[in-house]
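Below you'll find the structure, written out as structure tokens, and then a few comments.
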Amino acid sequence: MAGFRNGRGRDNRPPQQHRPQQAPYGYDGPPQGYPQQQWQQQPQQQPYGEPEYFGDPHAQHHAATANNPGHTQMFSVDDPYGQAGAYQAPPVPVGPRLPWKALLSGIVLRPADTFLRMRDHAVWGPALVVTFLYGLLAIFGFDQAREEVLNATLSSTIPYVLMTGVGFVVAGLILGAVTHTLARQLGGDGAWQPTVGLSMLIMSLTDAPRLLFALFLGGENGLVQVIGWATWLAAGLLFTLMVGRSHDLPWPKALGASAIQLVALLSLIKLGTL
């Protein structure tokens with residue numbers, strides 16, 4: 001009968017009616033005419049849940065063989081801290097703002113802990129007051145300027161002394177801003193208000209011993225000169241420590257950021273009496 005296979009397996013149906021629907025390649029078997037042994041060696045795809053690759057046999061092969069023995073997939077892990085061995089700043093202690101007495105004594109006695117604790121706190125009050133008072137007395141540390149002030153009338157001396165105090169405040173603000181800018185350019189991440197305020201306090205407090213002796217012995221005295229150089233080196237140490245703690249920088253970069261301020265202090269204050 002037409003439409004049934006005969007004893008020899010031949011199909012007597014017309015060719016246009018004999019179109020059995022084949023399952024997609026890789027599910028039930030190889031397509032017609034494809035070698036059975038070669039088909040078994042091909043990767044079998046899943047009907048659902050796998051990504052579909054359009055026309056890229058290399059991508060199909062990679063997806064089928066990834067993480068199989070001999071085909072381990074490579075991956076990388078990003079280092080959030082940059083290069084291995086790079087400088088990593090210590091954790092910043094959390095604490096409230098130090099009162100002005102503890103701040104001033106801490107800069108001299110406990111500078112590292114003080115700078116860490118105050119790196120996120122502005123210190124405008126103590127910085128402006130201490131720098132202004134230092135500027136009022138700084139003029140008496142220069143022999144020639146002291147003679148001019150003492151020989152002048154009181155009405156002309158007071159404005160001259162006040163202007164000197166204001167001038168030191170402005171100079172401290174400018175030099176501190178320069179130090180902060182250099183620290184940021186070298187990779188620092190500190191805030192500008194603590195950096196400028198602390199730099200003004202360091203400038204004033206470190207020169208206080210030299211100024212104290214200069215008021216009585218004069219700026220040309222040998223002891224005053226020795227104290228001046230020693231306090232300048234101490235200022236360099238404190239500047240380096242402060243910038244390093246405030247901006248998370250290693251000491252060579254912190255010293256480089258403080259270099260201009262140190263040279264300016266040496267030229268304007270120390271060398272003026274030495």
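For reference, positions follow the sequence shown, starting with 1. Note that this is a predicted model, so its numbers are computed, not measured.
Two residues are said to be in side-chain contact when any heavy atoms from C-beta on lie closer than 4.5 Å; N221 and F213 fail this criterion. Residues M200 and L128 are in side-chain contact: their nearest non-hydrogen atoms beyond the backbone lie under 4.5 Å apart. When side chains are defined from C-beta on, H180 does not count as touching S246, because their heavy atoms never get closer than 4.5 Å. Residues M242 and S258 form no side-chain contact, since every pair of their non-hydrogen atoms from C-beta on lies 4.5 Å or further apart. In this structure, the side chains of W229 and L266 come closer than 4.5 Å at one or more pairs of heavy atoms. Here the side chains of F115 and T195 are not in contact, with every heavy-atom distance at 4.5 Å or above.
Across all their heavy atoms, S199 and G176 have their closest contact at OG-CA, 3.3 Å. Taking every heavy atom of both residues into account, L249 and G187 meet most closely at CD2-C, 3.8 Å. Smallest separation of non-hydrogen atoms from V196 and A177: CG2-N, 3.7 Å. R146 and A214 get closest at one heavy-atom pair: NH1-O, 3.1 Å. Between A235 and L262, the shortest heavy-atom distance links the atoms C-CD2, 4.0 Å. Listed here is the closest heavy atom pair of A122 and Q193: CB-OE1, 3.6 Å.
Electrostatic pairing of R210 and D207 counts as a salt bridge here, judged by a charged N lying under 4.0 Å from a carboxylate O. The existence of a salt bridge linking R119 and D189 is confirmed by a sub-4.0 Å separation between a basic side-chain nitrogen and an acidic carboxylate oxygen.
The CD1 atom of I107 sits 7.0 Å away from atom OG1 of T114, with the distance rounded to the nearest 0.5 Å. The distance from atom CG of L201 to atom CE of M118, rounded to the nearest 0.5 Å, is 9.0 Å. Here the CD1-CG distance, from I139 to L136, works out to 9.5 Å after rounding to the nearest 0.5 Å. Separating the CG atom in L198 from the CE atom in M203 is a distance of 12.5 Å, to the nearest 0.5 Å. For the atom pair CD1 of I202 and CZ of F239, the computed distance is 5.0 Å after rounding to the nearest 0.5 Å. The OG1 atom of T206 lies 7.0 Å from the CG atom of L265; values are rounded to the nearest 0.5 Å.
Side chain of T157 to backbone of V149: a donor-acceptor contact under 3.5 angstrom is found. Judged purely by atom type and a 3.5 angstrom limit, R184 uses its side chain to pair as donor or acceptor with the backbone of G188. In terms of modelled atom types and a separation under 3.5 Å, the side chain of R117 and the main chain of P96 share a donor-acceptor contact. Of the possible donor and acceptor atoms, one in the side chain of S105 sits under 3.5 Å from a partner among the backbone N and O of A102.
The cluster map of Ile, Leu, Val, Met, Phe, Trp and Tyr, joined by side-chain heavy atoms under 4.5 Å apart, puts L233 and L237 in different clusters. A single hydrophobic cluster is not seen to contain both L238 and V108; linkage of ILVMFWY side chains at heavy-atom distances under 4.5 Å, directly or through other members, places them apart. Cluster annotation: L137 is connected to L205 through the hydrophobic network of ILVMFWY side chains, with a link wherever side-chain heavy atoms come within less than 4.5 Å. In terms of hydrophobic clustering, with Ile, Leu, Val, Met, Phe, Trp and Tyr side chains grouped at heavy-atom distances under 4.5 Å, V263 and L182 are assigned to different clusters. Note on F216: it clusters hydrophobically with L211, by side-chain heavy-atom contacts below 4.5 Å among ILVMFWY residues.
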Practice item. Might you work through the salt bridge (Lys or Arg N to Asp or Glu O under 4.0 Å) test for D248 and K253, ending with a clear yes or no? Key: CA-CA 10 Å; D248 293 334; K253 291 186 177 181; over 6 Å; no
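Between Y134 and F168, the ring center distance clears the sub-6.0 Å criterion. In this structure, W124 has its ring center no closer than 6.0 Å to that of W100.
Atom CD1 of I260 sits in a sparse spot, with 12 or fewer heavy atoms from other residues, nucleotides or ligands closer than 6.0 Å.
Identified under the side-chain hydrogen bond (donor to acceptor under 3.5 Å, both in side chains) test for residues 166-177, with sequence neighbours left out: none.
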